[in-house]
**Q** 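Take a look at this one; I'll ask things after.
In listed order, ligands and their atoms are each counted from 1.
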Amino acid sequence: MKVVSNLEKISQEIQAACLRASRNPDEIKIIAVTKYVSTERAIEAIEAGITNLGENRDEGLLEKWKVIGDRPSWHYIGTLQSRKVKNIIDIVDYIHSLDRMSLAEEINKRANQPIKCFVQVNVSGEQTKHGLSPNEVLPFIENLKEFPHIIIDGLMTMAPNTDDDKIIRQCFQTLKLLQVQIGEKNWEHAPCKELSMGMSNDFKIAIEVGATMVRIGTALVGEKEEVQE
Ligand SMILES: *Cc1c(COP(=O)(O)O)cnc(C)c1O
């Protein structure tokens, strides 16, 4: 499938979800997750109207950025090893996977200007998922105020791998609740206006619960095999 056709379908689904939740579709940013696909396919996404690209490895990000440049906003969405921060820090506009103090220290040290970060939260508690547990999030963010190069722009989570919509919805609701609690603190370094949640299989639920950034890979640009069509 062409990215334009996928994007059209996804945009319609986003509009329908917004209607159900009485939200304005303009509040939702689509991040095209291009980690599975080629640079050509990422360019096709941009030509279809995508303005945000997400990658989960420094190699993939650099490879595409070298060709595409700064035209889209670049989102780093994967687990980030501290030693890799220096490779991506001058390219990325957003880091969605801040999950520990040592990483915050490294970002703060390497960045030349404030970087918009999302605190990754492991709501479901699944062993395989990264992120802070919900009760660690507020104290963690409070401690980040000493870092001038870190702005907490929002929270990020990945829903558990399940077909049970109720469990997925609860996960997203927990993230929303945390965002409200952080907002009440009025921390200058943590406006926390964004919620990065929802992927190909669950973005509609995420939008109903309040997502402002959905990270969509498979449903938008496809998986590796499809590109060779
Ligand atoms: C791969 C990935 C996505 C996109 O997943 P799809 O199911 O292909 O839409 C979103 N977020 C993160 C953190 C990812 O690693």
**Q** Taking Asp164 for its side chain and Ile168 for its backbone only, find out whether a donor-acceptor pair lies under 3.5 Å.
**A**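 Flag not set: sc Asp164 to bb Ile168 has no pair under 3.5 Å.
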**Q** Is any side-chain heavy atom of Met156 less than 4.5 Å from a side-chain heavy atom of Met213?
**A**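 Counting from C-beta outward, Met156 and Met213 never come under 4.5 Å.
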**Q** Can you name the residues that come within less than 4.0 Å of ligand 1, going by heavy atoms only?
**A**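 Within 4.0 Å of ligand 1, the protein residues are Val33, Lys35, Tyr36, Ile77, Met156, Met158, Met199, Ser200, Arg215, Ile216, Gly217, Thr218.
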**Q** Step through the shown structure and confirm whether more than 12 heavy atoms of other residues, nucleotides or ligands are within 6.0 Å of CD on Glu188.
**A**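 At most 12 heavy atoms, drawn from other residues, nucleotides or ligands, come within 6.0 Å of this atom.
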**Q** May I ask you to test the Ile68-Trp74 pair for a side-chain heavy-atom distance under 4.5 Å?
**A**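 Of all side-chain heavy-atom pairs linking Trp74 with Ile68, at least one is under 4.5 Å.
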**Q** Does CZ belonging to Arg20 count more than 12 external heavy atoms closer than 6.0 Å?
**A**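 Buried by this count: over 12 neighbours within 6.0 Å.
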**Q** Within the supplied structure, the quantity of interest is the number of heavy atoms (other residues, nucleotides, ligands) at a distance under 6.0 Å from Asp163 CG; does it exceed 12?
**A**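 No, because the 6.0 Å sphere around CG of Asp163 holds 12 heavy atoms or fewer from other groups.
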